[in-house]
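What follows is one structure encoded as structure tokens, with my remarks underneath.
Just the heavy atoms: all of them, side chains too, but no hydrogens, waters or symmetry mates, feed the values below. Position 1 is the first residue of the sequence, and the numbers go up from there. Whatever order the structure lists them in is the order used to number ligands and atoms, beginning at 1.
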Amino acid sequence: MDITQEKLISLLNMDLELEYAAAIQYINHAAVMTGAAYGDIIKELKIHATEEVQHAMTLADQIDFLGGSPSVSIGEIKTSDNNDEMLQQDLDGEEGAITRYKIRIEQAEALKEFALAQQLRNILAVEQEHAMDLKQALGK
Ligand SMILES: [Fe+2]
Ligand SMILES: [Fe+2]
């Protein structure tokens, strides 16, 4: 199916909801994670949370620019009482985001929305850094 402006707005709103969820999930995980060995990654998770909020702001602005209504719903949030399980939940989220943004960049370019594609590339680069931080903390 060919991408349309309307379909792209709807997909960007799903991305936005997942950015809100990622920000909340990182705030939660950074707060409940314990143990001296996790001190460095806890600091990273707090940085990730602020970067996810920046992604949400960028997406909301782009959705508005495209003539859509930015969603105020929040995607699914996962947590655990186990540190490594939380880090795996975060990594799963990042890997999903990387897959989605690669597709979204192609869809934006198909509609000649090159400025949007540029913003999505910037977000993608940050999600890849997030995934690398999490893999390192998980010893992967
Ligand atoms: Fe993000
Ligand atoms: Fe991320």
Is the Fe ion (ligand 2) less than 2.8 Å from at least one N/O/S atom of Glu51? no

Under 2.8 Å from the Fe ion (ligand 2), is there any N, O or S atom belonging to His130?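 Yes, within the cut-off.
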
Met33 to Ile42 - nearest heavy-atom pair and separation: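 It is O-CD1, 3.5 Å.
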
Output field for angle at the Fe ion (ligand 1), Glu52.OE1 vs Glu19.OE2, rounded to 10°, should show 140°

Between Lys78 and Gln88, is any side-chain donor less than 3.5 angstrom from a side-chain acceptor?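 Judged by distance alone, the side chains do not pair up.
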
Could you tell me if Glu51 and His48 have a donor-acceptor pair between their side chains, going purely by distance under 3.5 Å? no

Atom name of the N, O or S atom in Glu127 that lies nearest to the Fe ion (ligand 2):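 Of the nitrogen, oxygen and sulfur atoms in Glu127, the Fe ion (ligand 2) lies nearest to OE1.
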
Out of the N/O/S atoms in His55, what is the name of the one closest to the Fe ion (ligand 1)? ND1

Using 0.5 Å steps for rounding, measure from the CG atom of Leu87 to the CG atom of Asp133.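 Atom-to-atom, Leu87:CG and Asp133:CG are 10.5 Å apart.
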
Whether Arg121 and Glu109 form a salt bridge (side-chain N of Lys/Arg under 4.0 Å from carboxylate O of Asp/Glu) is what I want to check.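 The answer is yes: the pair qualifies as a salt bridge.
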
